[in-house]
2 protein chains.
Amino acid sequence: MVSRLPLYLRALKQLLTDGLDVASSQSLGRRLHMTPAQIRKDLGYFGRFGKQGRGYDIPYLINELEQILGLNQEWPVALVGVGRLGRAILGYPGFNPEGFSIRAAFDSSPSVVGQNLGGIEVQSIKNMEDILRNEGIRIAVVAVPAAQTQAVIDQLVNAGVQAILNYSPTSPQAPREVKVRNVDPVMALQSMTYFLRSVPVPPR
Amino acid sequence: MVSRLPLYLRALKQLLTDGLDVASSQSLGRRLHMTPAQIRKDLGYFGRFGKQGRGYDIPYLINELEQILGLNQEWPVALVGVGRLGRAILGYPGFNPEGFSIRAAFDSSPSVVGQNLGGIEVQSIKNMEDILRNEGIRIAVVAVPAAQTQAVIDQLVNAGVQAILNYSPTSPQAPREVKVRNVDPVMALQSMTYFLRSVPVPPR
DNA sequence: CGTTGTGAACGGCTTCACAGCT
DNA sequence: AGCTGTGAAGCCGTTCACAACG
């Protein structure tokens with residue numbers, strides 16, 4: 001499935017910097033806690049990248065996966081919401097090396113509009129739709145309070161944004177053709193406490 | 001499935017503050033983009049909480065879900081890694097109201113150890129295992145660089161931690177009985193670009 | 001009547017297992 | 001000998017559909 005391809009890509013890049021140049025589905029599977037068959041099926045859906053008896057050539061497969069995922073280009077991204085969380089996202093160095101570049105930041109508060117944060121001038125959300133259209137930005141990261149999330153997403157959709165990464169603890173509505181992914185650390189914690197309840201306290 | 005229970009809980013709390021006191025699987029399903037059958041099956045796995053012809057009593061169901069998820073108590077949490085990301089996590093106000101309280105923070109860098117951040121004194125990672133054991137902390141949030149993640153997780157497991165929320169872009173290994181969840185915004189973005197490739201650029 | 005709870009049917013993802021290639 | 005690619009089988013989560021109930 002597509003959502004596992006970035007996982008493979010990351011593992012392969014790691015193996016490459018470790019100095020390897022071939023990986024088998026078995027070695028990848030051990031690394032990622034998956035069955036080798038799963039990995040072969042996933043890759044087989046997109047092409048025949050392996051060599052029987054040997055495995056997958058790592059640089060070649062990295063390149064193929066980047067093509068498939070559209071990561072052979074840099075994607076301009078807009079950030080909406082420059083509060084505490086938004087600023088942390090602006091400062092996070094992990095997006096750029098993976099094909100994303102935050103090119104615009106928006107907020108509704110006059111106290112941050114106009115500020116220059118990490119080389120980006122925060123702009124008023126009122127001008128957002130025009131700017132997104134002019135810049136041809138198709139991806140947005142949303143880090144606004146829950147109460148404003150739906151309105152912001154409606155605006156983004158209206159401006160032609162097709163992929164949204166939402167950090168607020170909500171289940172926003174968007175047309176089917178617009179992809180939305182939620183980043184929700186609280187829910188991740190809450191789904192683990194269930195298991196802690198049914199397990200003894202660790203020995204001291 | 002258990003991982004959807006926090007989603008229901010959140011939606012129910014929202015409905016409650018909106019002034020409602022009963023919800024049907026259908027109304028919940030609309031809100032969360034899910035089939036009513038899915039919701040009834042999920043809830044039915046844990047008990048019979050509904051009333052035929054009416055639906056689910058919201059305050060009652062909230063309470064039941066909190067019991068099931070173990071959220072009727074406050075969970076002490078440790079944070080490991082107090083860099084830029086770690087500081088943002090320390091300052092994030094969203095954990096406390098949902099049953100989690102960051103009680104300790106650790107880092108390896110002498111330049112941050114000893115600092116008081118948001119009422120918590122950053123401690124040396126060398127003392128981490130003892131402190132976690134003494135405090136009975138079973139949940140940890142890991143925000144250290146990728147290269148150190150596995151070592152940190154090994155230490156946490158060693159100290160009896162049973163649930164780990166990992167912010168670094170890695171696939172760390174842990175014993176089966178230790179739950180690990182990854183927060184990975186980059187992978188979320190990368191799995192969306194695949195769809196952008198196969199879709200026309202939005203009209204300007 | 002509206003809605004739950006649930007067995008049965010369905011569908012899709014995962015694993016198996018092996019032929020075929022290197 | 002080692003490993004891929006892939007049909008077939010198996011499994012598990014989702015949806016259907018309806019009896020039961022307020």
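No hydrogens, no waters, no symmetry mates; every other heavy atom, side chains included, goes into these values. Below, chain A is the first sequence line, B the second, and so on; all start at residue 1.
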Interatomic distance where CG belongs to B/Leu61 and P belongs to C/dT4 [whole Å] = 11 Å
query = With sequence neighbours excluded, what pairs up with B/Lys13 under the salt bridge (Lys or Arg N to Asp or Glu O under 4.0 Å) test?
reply = B/Glu66, B/Glu98
request  = Return no unless some side-chain N or O of B/Arg4 is found under 4.0 Å from OP1 or OP2 of D/dT14.
outcome  = yes
key: 5′-ward residue of the pair B/Gly44/A/Asp42 relative to DNA chain C   = B/Gly44
key: Separation of atom CG in A/Leu43 from atom C1' in D/dT6, rounded to whole Å   = 13 Å
ask   = Roughly, in whole Å, what's the span from CD in B/Gln38 to C1' in C/dT6?
value = 14 Å
request  = Tell me, please, which residues at least two apart from B/Glu121 pass salt bridge (Lys or Arg N to Asp or Glu O under 4.0 Å).
outcome  = none
List, with names and distances, any nitrogen or oxygen atoms from the protein found under 3.5 Å away from nitrogen or oxygen atoms belonging to nucleotides 17-22 of chain C.
{"from": "C/dA17", "atom 1": "N6", "to": "A/Arg40", "atom 2": "NH2", "distance (Å)": "3.1"}
{"from": "C/dG20", "atom 1": "N2", "to": "A/Gln52", "atom 2": "NE2", "distance (Å)": "3.2"}
{"from": "C/dC21", "atom 1": "O4'", "to": "A/Gln52", "atom 2": "OE1", "distance (Å)": "2.9"}
{"from": "C/dT22", "atom 1": "O4'", "to": "A/Gln52", "atom 2": "O", "distance (Å)": "3.3"}

task = List for me each residue that meets salt bridge (Lys or Arg N to Asp or Glu O under 4.0 Å) alongside A/Arg4, sequence neighbours excluded, and say none if there are none.
result = A/Asp42
message = Please report the distance, rounded to the nearest Å, between CD1 in A/Ile39 and C1' in C/dC13.
response = 15 Å
key: Integer-rounded Å distance: D/dG13 C1' and B/Leu5 CG   = 15 Å
query = Does the side chain of B/Leu85 come within less than 4.5 Å of B/Ile89's, by heavy atoms?
reply = yes
key: Protein-nucleotide distance (B/Tyr45, atom OH; D/dG13, atom P), rounded to Å   = 10 Å
inquiry  = The criterion is salt bridge (Lys or Arg N to Asp or Glu O under 4.0 Å); which residues satisfy it with B/Arg40, sequence neighbours excluded?
reply    = none
message = Could you check whether any side-chain heavy atom of A/Ser191 comes within less than 4.5 Å of a side-chain heavy atom of B/Leu5, counting everything from C-beta outward?
response = no
task = Report the residues that fulfil ring pair (Phe, Tyr, Trp, His ring centres under 6.0 Å) with A/Tyr45, sequence neighbours left out, ordered by chain and then residue number.
result = none
key: Contacts of type ring pair (Phe, Tyr, Trp, His ring centres under 6.0 Å), residue A/Tyr60, not counting sequence neighbours   = none
message = Tell me the bend of the helix from C/dC1-D/dG22 to C/dT22-D/dA1 as the angle between end helix axes, each from five pairs, rounded to the nearest 10 degrees.
response = 10°
request  = Specify the residues of residues 26-35 of chain A, ordered by number, for which at least one heavy atom lies under 4.0 angstrom from an atom of DNA chain D.
outcome  = none
ask   = 5'-most contact on DNA chain C: B/Lys41 or B/Ala23, nearest heavy atom basis?
value = B/Ala23
ask   = Who passes side chain to side chain donor-acceptor pair (under 3.5 Å) against A/Arg103, sequence neighbours left out?
value = A/Glu74, A/Ser101
query = Would you say D/dG5 has OP1 or OP2 under 4.0 Å from some side-chain N or O of A/Tyr56?
reply = yes
ask   = Can you list the residues that meet the ring pair (Phe, Tyr, Trp, His ring centres under 6.0 Å) rule with B/Tyr194, with sequence neighbours excluded?
value = A/Phe46
query = Is the phosphate of C/dT4, meaning OP1 or OP2, less than 4.0 Å from a side-chain N or O of B/Ser25?
reply = yes
Validation row: B/Leu156, B/Glu129 side chains within 4.5 angstrom (heavy atoms) = no
ask   = salt bridge (Lys or Arg N to Asp or Glu O under 4.0 Å): which pairs involve residues 21-30 of chain A, sequence neighbours left out?
value = none
ask   = Atom CD1 of A/Ile58 to atom C1' of D/dC3: distance rounded to whole Å?
value = 15 Å
